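None of these values were measured; they are calculated from a predicted model.
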Amino acid sequence: MKTLAERVIACCRELATFTEEPGSTTRTFLSLPMQDVHHALRVWMERLGMRVSVDAAGNLRGIRRLCASRKNYRQASRRLLIASHLDTVPNAGAFDGILGVVLGIALVEALADQCPDLMLEVIGFSEEEGVKFGVPFIGSRALVGTLDHALINSGVGHAIRAFGLDPADIPKARLTPDTIGYLEFHIEQGPVLESLGFPLGIVDAIAGQSRLMFTFTGAANHAGTTPMNLRRDAIAAAAEWIGCVEALAGNTPGLVATTGSISVEPNATNVIAGLVRATLDIRHPLDETREAALNQLTTSAEQICQRRGITLAREQRLNQAAVSMNPHLTGLLTQAVTDAGFPIHRIISGAGHDAMIIAPHVPAAMLFLRSPGGVSHHPDESVITEDVAAALEVGLKFIYLLEAAHV
Ligand code: GLV
Ligand code: MN
Ligand code: MN
């Protein structure tokens, strides 16, 4: 497995050079470098005898439908999806998302002529991060039929057409009734496994998350002539609110809240800001706690704006409930990790994953690989060869356990 693991890592690193920003890795929904990633992975999958297509949401899909061995030529009637995403955040690392896709293909390669009675479909989702349109999970939502018309009729539909696909075909991307399970490999993106000295973690649940845009509208004016008490400064209001965001999260166990993007108009040193758009990303394993915190932060923004003569607008872009992984599939994954001789650690994911979109529709399980330094969404993101080999070993055992489970 070590050689295959080394090839998996080399493949992820090479694909990280397919980018919209030379010198760093940035690959958004259906961009030109995404086309190059599709091509490279398609060549590999076709060499392994997989049937490859791109669905109308831009997801790359490869199916190992038939047993590779001529002697055992037969078609399985149950399908296991192994999937993750191919898009990245700006200035990303080489492993977030794409590692799970490359591991899926590597598993098909590792199976070689072995012939489990399962159809394997490896999917590289087109969009999970929400970078291009501020809305995440576009790829996986197509599989479960929750891509709404408003979104498709927006820039998303245009990007789909520009990629040579037809948004009218999105319903054909839906999950098929023969799908019995979904498995996602992903780097942990946090420090827990490393701190325990464990290579792998089993995801129990994924924290819910909300994403919003808050727009603060004040009055742009001259920075030298407008007295402090006569200003309606949109940046000052937003800054005060951002302080509340950090303070509330700091004082609420398990809550994480982030203002990761702000834009300012007119954005000049000697002009009081007339308008600020600030994002909020807020997450907690308990939906009630997340919702209560969001209400509190909305009230804080309203009070700050009222006091400062600022108009506030709030647009919700994501309200994703926390999702548990399937206990039966997670049990099989736990068995596979134990059989492979690795320790068990169960974990709640603070990061969002495509598994949370699929899980309400198909039994889903997730395996985390340790993230050295806990670093992710950063070019220094990495993985350890032995951990990738461990994930491959566990993946193979899981496939055979699922085959035998008669799900
Ligand atoms: C996906 O990377 C997320 O933001 O959790
Ligand atoms: Mn990510
Ligand atoms: Mn990811």
Side-chain angles (χ1 to χ4, degrees), residues 28-29 57 85 87 89 97 125-157 170 174-175 182 184 186 189 203-216 238 241-242 244-246 248-249 252-263 277-302 305 312-325 348-362 364 366 377:
T28 58
F29 181 60
H85 59 99
D87 65 318
V89 292
F125 290 121
S126 55
E127 211 284 348
E128 185 266 0
E129 301 284 8
V131 171
K132 196 151 181 175
F133 296 105
V135 182
F137 305 118
I138 294 173
S140 45
R141 282 168 63 189
L143 266 68
V144 301
T146 56
L147 270 187
D148 45 274
H149 287 294
L151 191 61
I152 295 168
N153 291 335
S154 69
V156 172
I170 285 177
R174 291 289 293 270
L175 288 165
Y182 174 93
E184 184 165 355
H186 205 285
Q189 306 182 275
V203 177
D204 262 339
I206 304 176
Q209 55 172 290
S210 304
R211 297 192 196 184
L212 299 97
M213 174 71 81
F214 283 75
T215 303
F216 299 82
W241 176 71
I242 291 166
C244 297
V245 171
E246 189 187 37
L248 181 65
T252 311
L255 187 73
V256 286
T258 308
T259 297
S261 169
I262 60 171
S263 66
R277 293 189 186 87
T279 59
L280 177 67
D281 176 313
I282 184 164
R283 310 184 189 203
H284 195 278
L286 296 177
D287 291 333
E288 311 80 74
T289 308
R290 172 174 51 91
E291 280 155 17
L294 181 52
N295 287 340
Q296 193 171 330
L297 288 175
T298 301
T299 304
S300 305
E302 285 164 354
C305 287
L312 179 72
R314 195 191 90 134
E315 182 198 346
Q316 179 131 9
R317 292 180 164 180
L318 180 75
N319 180 19
Q320 174 62 53
V323 174
S324 295
M325 296 295 97
I348 292 183
S349 175
H353 298 290
D354 294 296
M356 73 196 302
I357 302 301
I358 304 291
H361 304 267
V362 167
M366 271 198 91
H377 282 183

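Looking at R283, its side chain does come within 3.5 Å of a backbone N or O of G350 through a donor-acceptor pair. Q320 places no side-chain N or O within donor-acceptor distance of the main-chain N or O of G208, the cut-off being under 3.5 Å. A distance-only check finds a donor-acceptor pair linking the side chain of E184 to the backbone of A355 [under 3.5 Å]. Side-chain atoms of K132 never come within 3.5 Å of backbone atoms of T28 as a donor-acceptor pair (strictly under, hydrogens ignored).
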Open item on the list: Could you go through V135 and V156, starting from their C-alpha distance and side-chain angles, then the distance that decides it, and tell me whether this counts as side-chain contact (heavy atoms from CB on, under 4.5 Å)?
Closed with: CA-CA 10 Å; V135 182; V156 172; over 6 Å; no
TODO: Could you please spell out the steps behind the side-chain contact (heavy atoms from CB on, under 4.5 Å) verdict for L294 and L280?
DONE: CA-CA 9 Å; L294 181 52; L280 177 67; 3.7 Å; yes
TODO: Starting from the C-alpha separation in whole Å, work towards a yes-or-no answer on side-chain contact (heavy atoms from CB on, under 4.5 Å) for Y182 and H361.
DONE: CA-CA 10 Å; Y182 174 93; H361 304 267; over 6 Å; no
Task: Working for side-chain contact (heavy atoms from CB on, under 4.5 Å), residues E129 and H377 - done: CA-CA 10 Å; E129 301 284 8; H377 282 183; 3.5 Å; yes
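Interatomic distance, M325 CE to D204 CG, rounded to the nearest 0.5 Å: 9.5 Å. In this structure, CD1 on I282 lies 8.0 Å from OG1 on T252, to the nearest 0.5 angstrom. Atom CG of residue L143 and atom CD1 of residue I358 lie 5.0 Å apart, to the nearest 0.5 angstrom. The CG atom of L255 sits 10.5 Å away from atom CG of L286, with the distance rounded to the nearest 0.5 Å. Taking CZ from F216 and CD1 from I242, the interatomic distance works out to 7.0 Å, rounded to the nearest 0.5 Å. A distance of 5.0 Å separates CD1 in I138 from CZ in F29, rounded to the nearest 0.5 Å.
Open room surrounds CD on E246; 12 or fewer heavy atoms of other groups in view lie less than 6.0 Å from it.
Nearest heavy atoms, A322 versus P285: CB-O, 3.3 Å. Contact detail for A57 and A142: the closest heavy-atom pair is CB-CB, 3.4 Å. Across all non-hydrogen atoms, the minimal contact from A351 to H353 is O-CD2, 3.4 Å. Counting all heavy atoms, side chain and backbone alike, D87 lies closest to S126 at CB-O, 3.5 Å. In terms of heavy-atom proximity, G352 sits nearest to I206 at CA-CG2, 4.1 Å. Of all non-hydrogen atoms in A278 and W241, the two that sit nearest each other are CB-CZ3, 4.2 Å.
Taking 4.5 Å as the limit, every side-chain heavy atom of E315 sits out of range of all side-chain heavy atoms of T215. Contact check for T298 versus F214: side-chain heavy atoms found under the 4.5 Å cut-off. Within the 4.5 Å cutoff, no side-chain heavy atoms of P360 are placed close to those of V144. No side-chain heavy atom of L147 sits less than 4.5 Å from a side-chain heavy atom of H149. Here the side chains of P136 and R211 are in contact, with some heavy-atom distance below 4.5 Å.
The side-chain hydrogen bond (donor to acceptor under 3.5 Å, both in side chains) search around T279 returns none, not counting sequence neighbours.
Checked options R317, R290, E291; the residue passing with S210 is R290 (criterion: side chain to side chain donor-acceptor pair (under 3.5 Å)).
Residues in residues 133-145 take part in these side chain to side chain donor-acceptor pair (under 3.5 Å) pairs, two or more places apart or across chains: S140-D354, R141-D148.
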